Amino acid sequence: MDTQKGSHWKRLILAGLVAVLLVAIPLSIAGTNSEPPAYANAYERVMAEDGFIYGIKVPWADGNLYACDIGAGQLPWNNKAQFSLTKWTEILTNCKAIGFNCVSIWLFEQAEGLVVNEAGEVMGVQEEFMTNLEILLDLATSMDINLMVTFQPHLSFAMYSYSPEYYTRFTQWAFDPLIRQQYLDRVVDPICALLENYRDHVVAVDVYAEPEGDVAGRLGNVYQPYGTTWENMADHIRAVGAKVREALPGIPVVACSGWQGFENLRRGLYNELGLDLIGMDIYNDYGDVRYDTTNTKKYESLKDLRLTKPAIVSEFGAISSKNWSDFFQTQTTLGMYESAREAGYVGAFYWMYGYPSSSESLTLVGPSGNFRPVVGGIRMMISQNQKDRSGDTSLLDQPAMLYNTDVLNIRWLGSRNVDHYRVERTEDMTNWTIIADNLDPTTVDPGTYLCTYQDQSAVPKVEYHYRVTAVDFDGGTKTSEPSAGLIMKKLFCTPEENAVGDPGFESGVMPVTSGDVPGQFVVYGSAADSGQWGLTTEGVHEGNYALYVHGSGSWALGMYEVYDLKPNTEYTFTMWVKASSSGSDNSAWGVLENWSWNLMPIQHFIYDGEWRYYTIDFRTGAAGNNYRFYFGDGGGDFLFDDMYCFEK
C-alpha cells in the first residue's frame, strides 16, 4: 500500500515528464495534397503519413491464452483453441485509441496452430486456426489497424523445457530441407494466400523473431545444449522470405535479431538473408536504442552496424523487468521512441501490450487491469507528431475513446491544455444529448490523461454511444470518435444466483474485525482499530441495514469473502456504495484472489453522498476459486449495501 503515498505528486511529475519529452520530438512537416496519394503498400503509406512506425507488440491476447489464442497449442495445458473475438476487439480498439500505427502479432508461438505428426513432419495448419485468423484479420481491417505478422518466434524456452524430444520434433524444419519444404508448401503458402486479401493493412511479414533462440553456439544462445546451426537457420529464413516475397509481392520481409546484442548485425549475418527490413530487439534501462542490456553505449548511429537495409526496433523496453515504477516506465519508453527516430530507425515496437497477470513490468496494462500512466505519454507523443506533420499549432488533442463495456466506467484518453470536457450520448447516432458539461478534468483525470466517467442516468437495456469533447481555455474544441454501443449490464441477481451470503446485511450480524471467515464482511485497519464501523439503519439503500465505515487513517480495509466459485468462469461483482466527506486519491475498490494481491480492475469512489453502484467483471482461474472483494480508504464516511456476485 505504500506505493499509493504521494500519488498526487507522482502524477504531476509524470505529466511534467511527458511535456518535457514531447518538446524534444523533432518537427517534420509534411506537405498536403488535394487528393490522397496512392501507395504501393501499407508500409509506404504509414511512412508517408507518419514518418515512423509507432508499433506495439501483442504476441498473445492474454497470459491465460498463451500459444492458444488463435488455434490450439501443442502442449497438454494449451491443446485447445481459446480464441476470443471480444478480447481481440478490446486490444485493437485500445491500440488504435493510443495511436499506434502498427500492431505486431505472432502466429505460431510454441508451434500453435501447426499440424505436426509424431515424426516431426509438417502436415499443415489447423482449420480452426485459419478460421480464427481470418476473423482476426477481418476485425483489424474493419478498424483500419495495420499489422506486422510474425510467422515464427523462437521455440527454445517453453518447448525444450517441456521435453527435448518435443522441441526437436517441432523444429526440424530449421535443419531438415525436406521438412522445410513441407513448411513452405503447407504453412507459408496458405497463410500468404490469406494475407493477400488483407495486404493493404499488412505493413510487413516477420519470418522469424529472435532466431538466435533456436541456434546453438556462439552465434546463437551460447550456453544452451540444443538448437541448430546459424547456417541452417539462415537457409530457413531465406527460404521463407523468398516464398513470402513470391506470394505477397511488395510487402516487406523482415527477420529480427534477439540475441548477441548488436554483434550478429555487425557481423553482417542479417545482410545476407535477403530481407527488406532488419529488426533488432533492444533492452536497457537508459531509454536509448544505442545502449545494450548492460546500459553501455555501443554505437553512435546505425552506420556503425553496417546494415544494408532499413532497420526497425522490433522489441524494446527496460531490462529491469521487475521495476514497476510508473515514472521509470514512462521515461524509458518515450526515450526509446525518441532515440530510435534520432538514430535513423524507421520504426519501433514496444514490448508489450500486456495483461493483468503478467509478472514482468514491461506492460501497458497494469496488475489492476487498467492502463498505466505510460499510455497517456505515448498518446501525447504520437498526437504531437501528427500535429507537427500537419502543421496544427494548437495545444489541444483529440480525445480518444478506449474500449468500454460499462456505462459506469466510460474511459477515454484525454487532452493537454484542456479547460473542461463535455460528455454526450446518443441512442440513434444522430441526436446527441449532453449528459455532462463543464466537466473539470481533475474529476475524471488523475493526471495521466486516462479519464473515467460514470453515466448514472443510463437506463437498463438501452444501447448508448458516447463521445467526448475537449474544450480549451480559449473555447477551442476537439471531439472524439463515437464509442461502440454500450448497454447497462446486469447489476443484481436472484438469491439463488448470488454467491454473496447476506448481501444486504439483513441478518443484522455484525462484521468481524479479523480472521478468515467465509461469507462475512471483514473490517481491518484504522476503522477496525477505532471501532468506527458497524451496522446502521439510517439512510440504507434497501431493506433495514447497511454497513457503515469511517476511514480516519490510511487504508482502512474491508473485505467480503466469496468461496467455491466455478473455475475458469466469468463473474460480475456489484455493490452499492455511498461515499461522503473528503476521501483521498487512494480510495478504491477491487478484487483480491487468494491473498495473492493480484489486483483486478479498480474504480475510485465518487464522494458526493449519493448511492452509486460499482461493478467489476473477472474470470476465475483454473484452481483459484475463492475471492475476496475489498475496499481501501484514506479518509471518508461510507455506507455499503446490496452486494451481488453472479455468473455473467
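This structure is a prediction, so every number in the text was calculated from the model and none was measured.
For Asn41 (side chain) and Gly250 (main-chain N/O), a donor-acceptor pair under 3.5 Å exists by modelled atom type. The closest donor-acceptor contact from the side chain of Ser361 to the backbone of Asn323 lies under 3.5 Å. With hydrogens and angles ignored, the 3.5 Å screen pairs a side-chain donor or acceptor of Gln224 with a backbone N or O of Gly213. In terms of modelled atom types and a separation under 3.5 Å, the side chain of Asn271 and the main chain of Thr308 share a donor-acceptor contact. One N or O on the side chain of Arg372 and one on the backbone of Trp324 form a donor-acceptor pair closer than 3.5 Å. Judged purely by atom type and a 3.5 angstrom limit, Asn264 uses its side chain to pair as donor or acceptor with the backbone of Leu219. Looking at Arg290, its side chain never comes within 3.5 Å of a backbone N or O of Lys298 through a donor-acceptor pair.
Shown here are the side-chain hydrogen bond (donor to acceptor under 3.5 Å, both in side chains) partners of Asp138, two or more places apart in sequence or in another chain: Tyr198.
Proximity of the aromatic rings of Trp230 and Tyr270 is defined here by a centroid distance below 6.0 angstrom, and this criterion is met. Aromatic ring centroids of Phe316 and Phe349 lie 6.0 Å or more apart. Taking the centre of each ring, Trp106 and Trp351 come in below the 6.0 Å mark.
A side-chain donor-acceptor contact under 3.5 Å links Asp292 and Thr294. Residues Arg416 and Gln384 bring a donor and an acceptor atom of their side chains to less than 3.5 Å of each other.
The side-chain heavy atoms of Asp304 and Phe262, taken from C-beta on, include no pair separated by under 4.5 Å. Counting heavy atoms from C-beta outward, Phe151 and Tyr183 have side chains that approach closer than 4.5 Å. Using a 4.5 Å heavy-atom threshold, the side chains of Leu248 and Val202 count as separate. Taking the side chain as every heavy atom from C-beta outward, Trp173 and Val187 never approach each other to under 4.5 Å. Counting heavy atoms from C-beta outward, Thr448 and Asp326 have side chains that stay 4.5 Å or more apart.
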Check the pair Ser383 / Gln398 against side chain to side chain donor-acceptor pair (under 3.5 Å), numbers first and verdict last. CA-CA 8 Å; Ser383 175; Gln398 181 183 22; over 6 Å; no
Working for side chain to side chain donor-acceptor pair (under 3.5 Å), residues Glu112 and Tyr66: CA-CA 9 Å; Glu112 171 191 350; Tyr66 175 64; over 6 Å; no
Go through it in stages, so that I can follow the logic: the residues are Asp276 and Tyr43, the test is side chain to side chain donor-acceptor pair (under 3.5 Å), and I'd like the CA-CA distance, side-chain angles, deciding distance and then a yes or no. CA-CA 11 Å; Asp276 300 305; Tyr43 170 78; over 6 Å; no
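Identified under the side chain to side chain donor-acceptor pair (under 3.5 Å) test for residues 118-131, with sequence neighbours left out: Asn117-Glu121. Within the structure, ring pair (Phe, Tyr, Trp, His ring centres under 6.0 Å) contacts touching residues 108-130 (residues at least two apart or in different chains) are Phe108-Phe129.
Checked options Asp214, Leu273, Thr150, Val254; the residue passing with Tyr208 is Asp214 (criterion: side chain to side chain contact (heavy atoms under 4.5 Å, CB included)).
Classification of the Tyr355-Trp60 ring pair by plane angle, with boundaries at 30° and 60°, yields tilted.
Between Glu338 and Arg341, none of the side-chain N atoms (NZ, or NE/NH1/NH2) sits under 4.0 Å from a carboxylate O, so this pair counts as no salt bridge. Remark: Arg389 does not engage Asp50 in a salt bridge, criterion side-chain N to carboxylate O under 4.0 Å.
With values rounded to the nearest 0.5 angstrom, Leu184 atom CG is found 10.0 Å from Gln182 atom CD.
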